[in-house]
Structure formats: C-alpha cells, structure tokens
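What you are looking at is a predicted structure, and each value in this text was computed from that prediction instead of being measured. When a ligand or atom number is given, it counts from 1 through the structure's own listing order.
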Amino acid sequence: MSSDLDLLAGFESELAGLAHPAAAVPPDAPSFNLDDFDRYLLFTSGGKDSAACLLHMLELGVPRSKIELHHHRTDGYEGSSLMDWPCTDSFVKEMARAFGLPLFFSWKQFGIEGELLRENCGTAPIVFTRGDGTLVTMGGERSKPNTRRKFPQMSANLNVRWCSGVSKIDVASRMLINDPRFTEGKTLVITGERAEESSNRARYAVFEPDRADNRHGRKPRWIDHWRPVHKWTEKQVWAIMKKYQLAAHPAYFVGLSRASCRHCIFLGSNAWATMREIDPDGFARIAAYEVEFGVTIHRTRSVVEQADRGTSYAPDPFWAKVAMSKEYTLPIFMDPWILPKGALAENCGGPT
Ligand code: SF4
C-alpha cells in the first residue's frame, strides 16, 4: 500500500500536470483576490461538495500551508450516535491526513440528540479547539430554560429547522468570534453549498462577509465567506473528484445523494427504507422518539410509514459496513476510481 507521502506526491504531480477538462469543470475564477487571505478555513461534512471546494482551491493555487479543515460533529462527542455516520469522523481525519492539512473539530455538547431531548433547561455549551490547541467549552450559561422534545421541522426557516443552526452554523460563528487568532489578518471561510441543490441555496451569495465578520469593529475581525462551487452542477463536482481520484464518503456508496447526517430530517422514503435495512437499531431509535414525542419528522408520516412506502437502495453490504464502521481504513485516493451508487441518482432528500 502507498504511504501518505506517496499519495500526496502523486496528487501534487497531478495538480501540476493536468489542466481542466474544459467542458467538465469550469475555471470559475473568483471575483475577489484569492491571495488576499492569511488562512483558508474549509468547513467539511466529509461530503463531495466540500471535497470539490478543496480540490478547486488547490487548483487555483491556494497554498496548502494556509488551508485548514473544520468538521462539526452533529452528535457532539459525549456518546450520542443518533445522527452522524459512524465513519465520518475517521473519514475526515483520513482526508486531512492524506492532504497533509490540519483538522479541527467543533460541536454542540451532546449533539442534536441533546438538544432534541431538552426539557425545561438551557441549551448545552459548544466545544471547539482554538488555534493554539486549547479545547474551549463555552456558552449556554445564559440560555433560558426551554423544551424541545420534537424533531426539527423540514423547513428552510432555521428557527424551526433548528438542527443546522444548533449543530453547525452557531458552532462555527462562536468559534470564529471567540478564537483570538481570527482578529489577526484576514480569514476566508469556505463552504460547499450549490445553487442547484435548492431554490433557497440558489439565493446564497458566492462571496460575502461572513456572519462572524466584524471588520469595522473596535477590535476588527476580517472574515469573508466564499462558496466556490455555488454555480457547479453535481456532474462537475463528480468530475473533479474523478479527476483527482478522491474517494467519496461511504454514504454515497450506500446509495444516498448526500453525505451529512445519516438520519437527516429531509430523507425521503427510499432513503428511510435504506437506513432501516442497514442500521435497524438506529432507525428504531428515531422511530421510538417519534412515538415518545407524539410528533413525526414528516408532517403526516412516521419514519416507519416512510420506510414502508420506500424501496431500499439495496446497498452492497460491503459499503454498508464501511459506512457504519467507526474506522475508515480504505484509501483516500481510489485506484481505480469508482463513481458511487448515490452519484447523479435520486435526491435522497434535502436540503432546502
Ligand atoms: S443534515 Fe439534515 S438533520 Fe443534519 S443538520 Fe442538516 S438539515 Fe439537520
């Protein structure tokens, strides 16, 4: 098996030696000065769109020494296993290792499940690793007692679809605001939303000041936000993955078109049928919460009814096992590269 350094050397020679296949991936030159930043923070769920962002940035010449990966653990790190794919932590670690990039984790304590079970109490703190390596736990102390005990709503409104805000958006902002290193120099935050995914995402700006930006404040914090693949089609995303033989997250090999939460509230019937097949215990926990709360995720159908109406993507048991394993042991650069079952297939559900 090749060493990491061999893999990386191979990757870098590919970057140096290959030009864009003109029709496959557009040059999509940024409308701002990409050299203007001191650090480039790529937020990744481990999915294809953030992977395409990384490859595209490297193609555009962003120095690897200035790039860092950030991953939000949607289950936190206190023992919940309700939402994340078991393999995701290990997969993003392997990806960072293969590219030689630093990787930072951040999370809401007790994850989405903790917030889901909130009953007449404040929200939990968030946890992140500061640039100097210190693990910081903060927030929650001034939060008013409240009760959730129902799943987030399938809506574009983040107030009712609270999972994204609680487990990702707020966590990112708090980290950016509270790590003093972000008051030094300029930071570019990068995320992989694409216009093609939904009418809501189509309205996102390609480039704008980040919500944590405070460039005109007394203690200025300059943070811009770039969505480099916003105009890309799914085909173009898979084209750049193929070009560099970068392995896709195992969720795509299971047959899903997205790799984020494995029990995403937006999953459709076929995806729920698949989840019931490959992870009956995890599926049963979601179903049991719906019964306990007396409210289903879908407005009119329980996850059991959804799975009953759907047809499983019938994943190869090998890939189901890889996705449900805590250790990702396959190569990050795939030879031969394989287009996963979930690529260019049915939308498994979400986002809005
Ligand atoms: S992937 Fe789905 S369940 Fe997870 S935070 Fe996003 S919308 Fe919520």
Ligand-residue contact atoms, ligand 1 with Phe266, heavy atoms, under 4.0 Å: 7 (S)
For Ser260, which part has a heavy atom under 4.0 Å from ligand 1: side chain, backbone, both, or neither? side chain
Glu68: partners by side-chain hydrogen bond (donor to acceptor under 3.5 Å, both in side chains), with sequence neighbours left out: His70, Arg181
So, using salt bridge (charged side-chain N to carboxylate O under 4.0 Å, His left out) as the criterion, who are the partners of Glu193 when residues are at least two apart? Arg227
With no hydrogens and no angle check, just 3.5 Å: does a side-chain donor-acceptor pair link Ser260 and Lys168? yes
Is there side-chain contact between Leu339 and Trp238, with at least one heavy-atom pair below 4.5 Å? yes
So is Thr74 touching ligand 1 or not, going by heavy atoms under 4.0 Å? no
Has Cys264 got an N, O or S atom lying less than 2.8 Å from atom 2 (Fe) of ligand 1? yes
Is it possible for you to check whether Arg215 lies under 6.0 Å from the centre of the six-membered ring of Trp222, through NZ or CZ, and within 45° of that ring's axis? yes
Name the orientation class of the two ring planes belonging to Tyr204 and His230 (parallel below 30°, tilted from 30 to 60°, perpendicular beyond 60°). parallel
Could you establish whether Ser164 and ligand 1 come within less than 4.0 Å of each other, counting only heavy atoms on the residue side? yes
Near Met83, which atoms of ligand 1 are under 4.0 Å from a heavy atom of that residue? 3 (S)
Nearest to atom 4 (Fe) of ligand 1 by heavy atom, Ser45, Gly349, Cys261: which? Cys261
